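Below is one structure, written out as structure tokens; comments come after it.
Just so it is clear, the model here is predicted, and its values are computed rather than measured. What's counted below: heavy atoms across the whole structure, side chains too, no hydrogens, waters or symmetry copies.
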Amino acid sequence: MRPWLRPLVEIGIVETNDAKTRGVEYRVNPQLLRDSDFKGKTTLKRIEPHRLRKLILEDLKLYCPTSVKDINVRIGEEIPHKTIQRMLKNLIESGLVSSSGATHGMKYNRN
């Protein structure tokens, strides 16, 4: 794919994150989309982890205690359920969130 994408990067149609440690991500130049009056649909499916973290913490500030399913419905059902579960586990490990209850009835609280 690189030989095909490199010319698109060089002429400015596609941008890259130039990541050294992870795989390189490619995206269409946002200015090109604005100039073309593109009417595509936006999605949260590939939300950045720091943004997801903030969304979950804000949701927990307003709706404590709550289940992972309720969080998923409120912040965006297109975000994979497992992604939200992983972020909640990370927040619990960092001490920002606590959980109570059994596996299927687990509720999350903001500390």
Side-chain angles (χ1 to χ4, degrees):
M1 294 235 354
R2 222 172 256 181
W4 183 80
L5 285 167
R6 190 176 308 122
L8 296 175
V9 171
E10 290 171 0
I11 61 175
I13 293 174
V14 173
E15 293 179 346
T16 178
N17 65 350
D18 293 325
K20 303 289 186 229
T21 57
R22 291 190 176 174
V24 178
E25 291 182 5
Y26 296 94
R27 62 191 165 278
V28 176
N29 182 335
Q31 189 60 47
L32 180 70
L33 292 174
R34 281 190 287 275
D35 293 346
S36 70
D37 199 30
F38 179 72
K39 300 293 184 207
K41 194 174 183 181
T42 58
T43 180
L44 295 173
K45 199 175 257 186
R46 296 186 55 186
I47 189 170
E48 296 165 322
H50 69 278
R51 294 180 191 273
L52 178 60
R53 181 183 181 102
K54 290 286 188 189
L55 273 175
I56 290 173
L57 288 172
E58 188 64 29
D59 185 80
L60 289 171
K61 187 163 70 170
L62 298 171
Y63 301 102
C64 267
T66 189
S67 68
V68 66
K69 181 178 179 172
D70 291 339
I71 293 170
N72 201 182
V73 168
R74 286 190 296 266
I75 67 174
E77 291 182 287
E78 66 269 23
I79 301 171
H81 184 78
K82 285 284 190 192
T83 302
I84 294 174
Q85 283 182 317
R86 279 191 297 273
M87 183 57 71
L88 282 166
K89 182 179 179 195
N90 179 278
L91 290 167
I92 290 168
E93 289 170 357
S94 65
L96 295 171
V97 171
S98 62
S99 62
S100 60
T103 307
H104 294 291
M106 190 168 295
K107 299 286 184 184
Y108 297 91
N109 293 296
R110 186 168 178 179
N111 291 340

Subject >> Those residues that, when tested against Pro3, pass side chain to side chain contact (heavy atoms under 4.5 Å, CB included) (two or more places apart) >> reply: none
Original post:
How would you list, by chain and number, every residue that makes a side chain to side chain donor-acceptor pair (under 3.5 Å) with Asn29, sequence neighbours excluded?
Top reply: none
Subject >> All pairs passing salt bridge (charged side-chain N to carboxylate O under 4.0 Å, His left out) where residues 86-100 contributes a residue, at least two apart >> reply: none
Subject >> All salt bridge (Lys or Arg N to Asp or Glu O under 4.0 Å) counterparts of Arg51, not counting sequence neighbours >> reply: Glu48
Original post:
Do any pairs count as a salt bridge (charged side-chain N to carboxylate O under 4.0 Å, His left out) and have a residue in residues 65-84, sequence neighbours left out, and if so which ones?
Top reply: Asp59-Arg74
**OP:** Quick one: name the residues clustered hydrophobically with Leu62, using the 4.5 Å side-chain heavy-atom rule over I, L, V, M, F, W, Y, and just say none if it's on its own.
**Re:** Tyr63
Subject >> Partner residues of Lys45 under the salt bridge (Lys or Arg N to Asp or Glu O under 4.0 Å) criterion, sequence neighbours left out >> reply: none
Would you give me the side-chain donor-acceptor pairs under 3.5 Å for residues 104-111, sequence neighbours excluded?
unit_1 : atom_1 : unit_2 : atom_2 : d
Arg110 : NH1    : Leu57  : O      : 3.1
Asn111 : OD1    : Ser98  : OG     : 3.1
Asn111 : ND2    : Gly95  : O      : 2.9

**OP:** Could you tell me which residues satisfy side chain to side chain contact (heavy atoms under 4.5 Å, CB included) with Ile79, sequence neighbours excluded, listed by chain and number?
**Re:** Leu44, Ile47, Leu52, Asn72, Ile75, Thr83, Ile84
**OP:** Drop me the distance from Ile56's CD1 to Ile71's CD1, to the nearest 0.5 angstrom.
**Re:** 6.0 Å
Scan the side chains in residues 4-11 for donor-acceptor partners under 3.5 Å anywhere in the protein, sequence neighbours excluded, and list what turns up.
none

